[in-house]
Trainee: 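Sharing a structure with you now.
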Amino acid sequence: MKLFNTLTRQKDEFVPMQQGQVKMYSCGPTVYNYFHIGNARPFIIFDLLRRYFEYRGYQVQFVQNFTDIDDKVINRANEEGVTFDVIAERYIKEYFVDADALGIHRATVHPRATETMDAIMDIVKRLLDKGHAYVAQNGDVYFRTKTFETYGKLSHQPMDELQAGARISVGEIKEDPMDFAVWKAAKPGEPFWEAPWGKGRPGWHIECSAMVNQYLGETIDIHSGGLDLIFPHHENEIAQSECANGCDFSHYWVHNGFLTIDNEKMSKSKGNFFMVREAAQAYGYETIRMFMLSAHYRSPLNYSEESLKMNKVSLERLYEARNNLEFRMEKAQDEPMTAEETEKYAALESYKQKFIDAMDDDLNTADALSAVFELVRDINGYSAAHIEASKAFLTKAHTLFMELAGVLGLVQAHEEDSIDAEIEALIAARQQAKTNKDFAEADRIRDVLLQEKGIAIKDTRQGVQWSRVNQ
RNA sequence: GGUACCAUAGCCAAGCGGUAAGGCGUGGGACUGCAACUCCCUGAUCCCCAGUUCGAUUCUGGGUGGUACCUCCA
């Protein structure tokens, strides 16, 4: 499998440290609000990467953190007049509401900064001991950037250029403008932890370094996150971890591209900033997932109503394929596959290879999706032309389709597969009306079922097929 | 100013040396009592100009037009 590695700026063949195992870490949310539609992209993409590794037989240790102590969390808490942990607790819970609905599997571990304080202090201490960090007059602890020669290797920016662009704040207490905080001295009224060098709380970058250490070790295979985190966040993580541990931090760095809204950068001032659950209300969670997979993860992706509508319809085509297959399986004769079916099935499996080839090529989901659609078209065409298709064949086709859709986390919703007696009676009454050639009555009942019961009726050669219309 | 990325049909979007996947939409047709679903047919001088090459959407250079990052924003 090939992955685009920000460190080398090219697609590198993925070689894990230990055969068959992947250690990956992904930057998770700061929990001060529901997560927005832009946050959803990395969560979905890196969940997909993790799933795909698992599909290919890797054992994956996947860690995604919660930043639960931070300026934004504190501000939010102050606004509401509660302690910061109330805010964090609430939005961690809400994160899972959205993430679960998006089909994002739980990480192996979801550590929180406040629960990793020992590891954080340990790494700060080691940086201080080695002279890679220093305590400033006000009690802040800063990383001495000059002591890390390869600083800038991830963002590929030379140090002096970075300095030229750096904003130097008034009343500078740092030795060098490029130095960054690994520990922030306690301010009045803010939560703090007791450390040997003084009271305070961890800087943002240090928590990720510490969590990687604690849960995955000194070196990991893959570190992922949004494009914007490359500098300074990931650059700083590298500096801290490599200085503290004296070895490589992560072999591969994977970054997703940004999401724009109607071709504009998402921002609060433009008012184009909204939560994933708001979008889900309009189009469904799985449509959002489909949308995220419709383009390559490193490309910029534009969110628009039109785009979401298109993806919703595309997804429905996939659901239709599954429903039709299941209906046919139920009606089919329980016979073994014919020679023709065996041959056909072998042909269908070529789409699986296309799917894998696409995913192996730096997670080309658009291409993988096209393989799924081609599979669907082929299955539909064959089963339409072969009313006598065997249950065995239909079942294998169904399994293949669900396998590929499952890797992408799509077509995962299950409708209730039973209908109440009233609906059953209406369907029967419509059939009777049709037999009597009373089409007006038959259409009336079909309309009642659709409008009032949310049941769509299809007349097929195998009988009446119904499905629930999603609201 | 520094560092990158992108420009493919009405829309979304793969491909990246041998004249273009897939989805949505449009217009035909088949199936249906009608419909729905499904199937078949329907669509591209690949931003412009040079260059390299037997051959370029695909490589190089130059335009033009977008976008992102450069201290806490995924």
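The sequence lines fix the lettering, A, B, ..., with proteins before strands; numbering per chain opens at 1.
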Trainee: Is it the case that A/Asp100 and A/His105 place a side-chain donor and acceptor less than 3.5 Å from each other?
Mentor: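 Their side chains do not contain a donor-acceptor pair, so the 3.5 Å distance test is not met.
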Trainee: Go ahead and name the base partner of B/A20; Watson-Crick or wobble counts if both distances stay under 3.5 Å, otherwise write none.
Mentor: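 The base-pairing partner of B/A20, which may sit in any strand shown, does not exist here.
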Trainee: How close or far is atom C1' of B/G23 from atom OH of A/Tyr319, stated in whole angstroms?
Mentor: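 So the OH-C1' distance, A/Tyr319 to B/G23, works out to 17 Å.
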Trainee: For B/U38, what is the paired nucleotide under Watson-Crick or G-U wobble rules, both distances under 3.5 Å?
Mentor: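 The answer is B/A30, by the H-bond criterion.
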Trainee: Measuring to OP1 and OP2 of B/G22, would you say a side-chain N or O of A/Arg317 lies under 4.0 angstrom away?
Mentor: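 For B/G22, OP1/OP2 do not have a side-chain N/O of A/Arg317 under 4.0 Å.
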Trainee: Do A/Asp357 and A/Lys354 sit within salt-bridge range, that is, some charged N less than 4.0 Å from a carboxylate O?
Mentor: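 Not counted as a salt bridge, because no side-chain N and carboxylate O are separated by less than 4.0 Å.
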Trainee: Which nucleotide, B/C72, B/G22, B/C70, lies nearest any side-chain atom of A/Trp204?
Mentor: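 So the nucleotide nearest the side chain must be B/C72.
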Trainee: Of the candidate nucleotides B/G33, B/A21, B/G22, which contains the atom at the shortest distance from the side chain of A/Lys434?
Mentor: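 Within the option list, the nearest is B/G33.
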Trainee: Could you check which nucleotide pairs with B/G25 in any of the strands shown, counting Watson-Crick or G-U wobble with both distances under 3.5 Å?
Mentor: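 Across all strands, not a single nucleotide pairs with B/G25.
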Trainee: Measure the distance from CG on A/Leu154 to C1' on B/A4 and round it to the nearest whole Å.
Mentor: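 So the CG-C1' distance, A/Leu154 to B/A4, works out to 13 Å.
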Trainee: Return the nearest nucleotide to the side chain of A/Pro232; candidates are B/U3, B/U71, B/G25.
Mentor: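 Shortest atom-to-atom distance from the side chain points to B/U71.
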Trainee: Does the side-chain ring of A/Phe258 sit on the six-membered ring of the B/A74 base, less than 5.5 Å centre to centre and under 30° in tilt?
Mentor: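 One would call A/Phe258 stacked on the B/A74 base.
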Trainee: Is A/Arg444 touching bases, backbone alone, or none of the nucleic acid, heavy atoms closer than 4.0 Å?
Mentor: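 If one applies the 4.0 Å heavy-atom cut-off, A/Arg444 turns out to touch nothing in the nucleic acid.
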Trainee: Of the listed nucleotides (B/G33, B/A21, B/U38), which one gets closest to any side-chain atom of A/Ser370?
Mentor: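 Nucleotide nearest to A/Ser370's side chain: B/A21.
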Trainee: Check every atom of B/A74, B/C39, B/C72 against the side chain of A/Lys184 and return the nucleotide holding the closest atom.
Mentor: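 Nearest listed nucleotide: B/C72.
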Trainee: Under 6.0 Å from the six-membered ring centre of A/Tyr34 and within 45° of its axis: does the NZ or CZ of A/Arg277 meet both?
Mentor: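 The answer is yes, since A/Arg277 meets both limits relative to A/Tyr34.
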Trainee: Considering every strand and a 4.0 Å limit on heavy-atom distances, what is the contact class for A/Lys437: base, sugar-phosphate, or nothing?
Mentor: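 Answer is nothing: A/Lys437 stays at 4.0 Å or more from every strand.
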Trainee: Should B/C72 form a Watson-Crick or G-U wobble pair with both distances under 3.5 Å, which nucleotide is its partner?
Mentor: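 Pairing partner: none.
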Trainee: Of A/Ala371 and A/Lys458, whose closest RNA chain B nucleotide lies nearer the 5' terminus?
Mentor: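 Taking each residue's closest nucleotide, the earlier one in sequence belongs to A/Ala371.
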Trainee: Does the side chain of A/Tyr303 reach to within under 4.5 Å of the side chain of A/Phe291, using non-hydrogen atoms?
Mentor: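 Yes. Closest side-chain heavy atoms under 4.5 Å.
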Trainee: Check A/Phe143, A/Tyr142, A/Phe148 against A/Phe180 for a ring pair (Phe, Tyr, Trp, His ring centres under 6.0 Å) and give me the one that passes.
Mentor: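 That would be A/Phe143; it is the only one of A/Phe143, A/Tyr142, A/Phe148 passing the ring pair (Phe, Tyr, Trp, His ring centres under 6.0 Å) with A/Phe180.
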Trainee: Within less than 4.0 Å of OP1 or OP2 of B/A35, is there a side-chain N or O belonging to A/Arg446?
Mentor: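 Answer no for this pair, as no side-chain N or O of A/Arg446 is under 4.0 Å from OP1 or OP2.
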Trainee: At under 4.0 Å, does any side-chain N or O of A/Arg377 touch on OP1 or OP2 of B/G22?
Mentor: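 Answer yes for this pair, as a side-chain N or O of A/Arg377 is under 4.0 Å from OP1 or OP2.
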Trainee: Measure CZ/A/Phe180 against P/B/U71 and give the value in whole Å, please.
Mentor: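 Between P of B/U71 and CZ of A/Phe180: 14 Å.
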Trainee: Assign A/Asp71 to base, sugar-phosphate, or nothing according to its heavy-atom contacts below 4.0 angstrom with the strands shown.
Mentor: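 Since no nucleic acid heavy atom lies under 4.0 Å of A/Asp71, the category is nothing.
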Trainee: So, is A/Asn39 close to the B/A74 phosphate, meaning a side-chain N or O under 4.0 Å from OP1 or OP2?
Mentor: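 Yes, within the criterion.
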Trainee: Partner lookup for B/G65, please. Criteria are Watson-Crick or G-U wobble with both distances under 3.5 angstrom; report none if nothing qualifies.
Mentor: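 Matched B/G65 with B/C6 under the 3.5 Å cut-off.
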Trainee: Is there a side-chain contact between A/Asn324 and the phosphate of B/C37, meaning an N or O under 4.0 Å from OP1 or OP2?
Mentor: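 The answer is no; no side-chain N or O of A/Asn324 sits under 4.0 Å from OP1 or OP2.
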Trainee: Looking at A/Tyr283, does the NZ or CZ of A/Lys312 lie under 6.0 angstrom from its six-membered ring centre and within 45 degrees of the ring axis?
Mentor: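 No - A/Lys312 does not lie over the ring of A/Tyr283 by the 6.0 Å and 45° rule.
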Trainee: Would A/Arg298 pass as a cation-pi partner of A/Phe4, given that its NZ or CZ must be under 6.0 Å from the six-membered ring centre and within 45 degrees of the axis?
Mentor: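 Yes, a cation-pi geometry holds between A/Arg298 and A/Phe4.
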Trainee: Side chains of A/Ile44 and A/Leu102: closer than 4.5 Å at any heavy-atom pair?
Mentor: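 In contact.
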Trainee: Are there any protein N/O atoms within less than 3.5 Å of an N/O atom in nucleotides 10-15 of chain B, and if so, which ones and at what distance?
Mentor:
residue, atom, partner, partner atom, Å
B/A14, OP1, A/His296, N, 2.7
B/A14, O3', A/Asn364, ND2, 2.8
B/A14, O2', A/Asp367, OD1, 2.9
B/A14, O2', A/Asp367, OD2, 3.2
B/G15, OP1, A/Asn364, ND2, 2.9

Trainee: Can you identify which nucleotide, out of B/C39, B/A74, B/C69, has its nearest atom closest to the A/Lys72 side chain?
Mentor: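 Selected nucleotide: B/A74.
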Trainee: Is any side-chain nitrogen or oxygen of A/Lys309 closer than 4.0 Å to OP1 or OP2 of B/G25?
Mentor: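 So the side chain of A/Lys309 is outside the cut-off, no N or O lying under 4.0 Å from OP1 or OP2 of B/G25.
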Trainee: For A/Ser250 and A/Trp253, indicate whether the former's side chain and the latter's backbone hold a donor-acceptor pair under 3.5 Å.
Mentor: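 No; zero donor-acceptor contacts below 3.5 Å.
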Trainee: Students often get this wrong, so: under 4.0 angstrom with heavy atoms, is A/Leu229 touching a base, only sugar-phosphate, or nothing?
Mentor: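 Since only primed, P, OP1 and OP2 atoms lie under 4.0 Å of A/Leu229, the category is sugar-phosphate.
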Trainee: Tell me which nucleotide among B/C73, B/C34, B/C37 gets nearest to the side chain of A/Glu320.
Mentor: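 Of B/C73, B/C34, B/C37, B/C37 is nearest to the side chain of A/Glu320.
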Trainee: Tell me which nucleotide among B/G33, B/A74, B/U71 gets nearest to the side chain of A/Asp443.
Mentor: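 Within the option list, the nearest is B/G33.
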Trainee: Answer yes or no: side-chain N or O of A/Asp459 and base N or O of B/C34 forming a donor-acceptor pair under 3.5 Å.
Mentor: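 Answer yes: a donor N or O sits under 3.5 Å from an acceptor.
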Trainee: When all nucleic acid strands are considered with a 4.0 Å heavy-atom cut-off, which category describes A/Phe439: base, sugar-phosphate, or nothing?
Mentor: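 Touches a base.
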Trainee: Is the closest side-chain donor-acceptor distance between A/Tyr95 and A/Gln64 under 3.5 Å?
Mentor: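 Yes, because at least one side-chain N or O of A/Tyr95 sits under 3.5 Å from a partner of the opposite role on A/Gln64.
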Trainee: With heavy atoms under 4.0 Å as the rule, sort A/Gly381 into base, sugar-phosphate or nothing.
Mentor: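 Sugar-phosphate only.
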